[in-house]
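Values below: all heavy atoms of this structure, side chains included; hydrogens, waters and symmetry mates excluded. Just so we're on the same page: letters track the sequence lines, and every chain starts at 1.
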Protein chains: 2
Amino acid sequence: MKEKELRRSLAVLPIGTVMKLANLTARQIRYYEEQGLSHPERNAGNRRMFSLNDVDRLLEIKDYLADGINIAGIKEIYAQQQQKAEQQAADLARPLTDNDVRQILHDEFLNIGGFKSKHGPEFPTH
Amino acid sequence: MKEKELRRSLAVLPIGTVMKLANLTARQIRYYEEQGLSHPERNAGNRRMFSLNDVDRLLEIKDYLADGINIAGIKEIYAQQQQKAEQQAADLARPLTDNDVRQILHDEFLNIGGFKSKHGPEFPTH
DNA sequence: CATACATGTAAGAAAATATCACATCATTTA
DNA sequence: TAAATGATGTGATATTTTCTTACATGTATG
């Protein structure tokens, strides 16, 4: 569902629409951005343009505030989420390169030996 | 998927966004509306507000025009689609009301007879 | 050639949004 | 308790976006 993700991250909504969707004032929306919690894009005329993901983020902020968490707390929450995401990206990227390395080594052995490995289902053995 | 349908029909996009999404000029978008092919909503300030369905419709119009069909032709296509939709709605609605009628009659027979049918044929014949 | 169709363009008004500054009200802190 | 802070309201003013209306243009068609 790459398509859906792309759609959700398209910055297509002006602040007036977002105000209605999230039930927030323009002041609140701009303040959360000023505090580094939200990062809407800007169009050529400097107007903020929001994606559906941006709206979700604003609703999340609103919930946190309603739960008594202040902006500093929310900022910390997002910082930790960011860290976790980075770690996961690293975890995901490392095995791939390891596999690449093995593949390369494997190929080199094949070339050197002039014959194919007999184990593993990957190639016919005869 | 009622949720998705609701989302797609929410009028949240200003004309500037739609111009970019559909790659049409404001003139074109307004003209298609003037010709009765598109029906965007208006906000309190009389600004056109489009849904994703509206954008799809505009892309469709664009395709038809690119295929050499003129506006009158497109109008006719949509008129026929409208007719078909109405017919289907009627087809869908009629059995329901028929069932309602049977149910009502059945209930009335019960009331009159003062006893319940033991099922099979819906009402006792004597 | 005259017409109609689809679109471009310009003018002026109204609406939406931007930034900035100051106000307010509740909560914390000194 | 006074002072500071945090989240939001409000007002002023500038800029951008969109609206309607009118006229222009190019292309195809009778």
Side-chain angles (χ1 to χ4, degrees), chain A residues 10-79, chain B residues 10-79:
Chain A
L10 266 187
V12 293
L13 310 173
I15 198 171
T17 292
V18 174
M19 288 171 63
K20 288 170 194 157
L21 290 181
N23 198 33
L24 290 169
T25 66
R27 182 69 166 93
Q28 289 173 306
I29 295 169
R30 297 193 191 109
Y31 182 64
Y32 303 154
E33 178 186 5
E34 184 185 317
Q35 297 301 309
L37 298 183
S38 165
H39 309 87
E41 292 183 16
R42 298 289 182 124
N43 71 6
N46 197 38
R47 264 58 193 162
R48 270 166 268 254
M49 297 302 286
F50 299 76
S51 68
L52 288 179
N53 282 334
D54 289 330
V55 176
D56 283 346
R57 166 65 73 113
L58 288 171
L59 289 171
E60 211 175 57
I61 294 170
K62 191 182 171 188
D63 282 348
Y64 282 137
L65 286 172
D67 285 353
I69 303 175
N70 68 8
I71 298 236
I74 301 172
K75 208 178 301 186
E76 180 59 24
I77 289 169
Y78 287 145
Chain B
L10 263 188
V12 293
L13 309 173
I15 198 173
T17 291
V18 175
M19 290 172 62
K20 288 170 193 157
L21 290 180
N23 199 32
L24 290 169
T25 66
R27 182 68 166 94
Q28 289 173 305
I29 296 169
R30 296 193 191 110
Y31 182 63
Y32 304 154
E33 178 185 6
E34 185 185 317
Q35 297 301 310
L37 298 182
S38 165
H39 310 86
E41 292 184 16
R42 299 286 183 124
N43 70 6
N46 197 39
R47 264 59 194 163
R48 271 168 266 254
M49 297 301 287
F50 299 77
S51 69
L52 287 178
N53 283 334
D54 289 330
V55 176
D56 283 346
R57 167 66 73 114
L58 288 171
L59 289 171
E60 211 176 54
I61 294 170
K62 193 182 170 187
D63 282 348
Y64 282 136
L65 286 172
D67 284 353
I69 303 174
N70 67 9
I71 298 236
I74 301 171
K75 208 178 300 188
E76 180 59 23
I77 289 169
Y78 286 144

By the definition side-chain hydrogen bond (donor to acceptor under 3.5 Å, both in side chains), identify the one residue from A/Arg48, A/His39, A/Gln28 that meets it with A/Glu33.
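Single side-chain hydrogen bond (donor to acceptor under 3.5 Å, both in side chains) partner of A/Glu33 among A/Arg48, A/His39, A/Gln28: A/Arg48.
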Let me know the distance between [atom1] of [X] and [atom2] of [N], rounded to the nearest Å.
X       : N      : atom1 : atom2 : answer
B/Ile29 : D/dT20 : CD1   : P     : 13 Å
B/Glu33 : D/dT18 : CD    : C1'   : 13 Å
A/Arg42 : C/dT17 : CZ    : P     : 13 Å
B/Gln35 : C/dA4  : CD    : C1'   : 12 Å
A/Glu34 : D/dT8  : CD    : C1'   : 12 Å
B/Asn46 : D/dT17 : CG    : C1'   : 13 Å
A/Ile15 : D/dT16 : CD1   : P     : 17 Å
A/Met19 : C/dA16 : CE    : P     : 10 Å

Does A/Gly45 or A/Tyr31 map to a spot on DNA chain D nearer the 5' end, using the closest nucleotide for each?
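Result: A/Tyr31.
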Which nucleotide in the list D/dC23, D/dG6, D/dT20 gets nearest to the side chain of B/Arg27?
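Nearest listed nucleotide: D/dC23.
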Nearest-nucleotide pick for B/Arg30, side chain only, options being C/dG8, D/dC19, C/dT19:
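Of the options given, the side chain of B/Arg30 lies nearest D/dC19.
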Rounding to 10°, can you tell me the angle the first-five-pair axis of the helix from C/dC1-D/dG30 to C/dA30-D/dT1 makes with its last-five-pair axis?
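Axis angle across the helix from C/dC1-D/dG30 to C/dA30-D/dT1, nearest 10°: 20°.
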Are A/Arg42 and A/Asn46 close enough that a side-chain donor and a side-chain acceptor fall under 3.5 Å?
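Distance-only check passes for A/Arg42 and A/Asn46.
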Expected output: side-chain B/Arg27 to main-chain B/Thr25 donor-acceptor under 3.5 Å:
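No; zero donor-acceptor contacts below 3.5 Å.
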Tell me the closest heavy-atom pair linking B/Leu58 and B/Leu24, and the distance in Å.
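Nearest heavy atoms, B/Leu58 then B/Leu24: CB-CD1, 4.0 Å.
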N or O in side chain of A/Tyr32 less than 4.0 angstrom from D/dT8 OP1/OP2
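The answer is yes; a side-chain N or O of A/Tyr32 sits under 4.0 Å from OP1 or OP2.
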Just how far is it from atom [atom1] of [X] to atom [atom2] of [Y], taken to the nearest 0.5 Å?
X       : Y       : atom1 : atom2 : value
B/Ile29 : B/Ile61 : CD1   : CD1   : 10.0 Å
A/Met49 : A/Thr17 : CE    : OG1   : 8.5 Å
A/Ile71 : A/Tyr31 : CD1   : OH    : 5.0 Å
B/Leu13 : B/Asp54 : CG    : CG    : 8.5 Å

Less than 4.0 Å between a side-chain N and a carboxylate O, is that true for B/Glu34 and B/Lys75?
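No.
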Considering only heavy atoms, which members of residues 47-75 of chain B lie under 4.0 Å from some atom of DNA chain D?
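Hits under 4.0 Å, by residue number: B/Arg47, B/Arg48.
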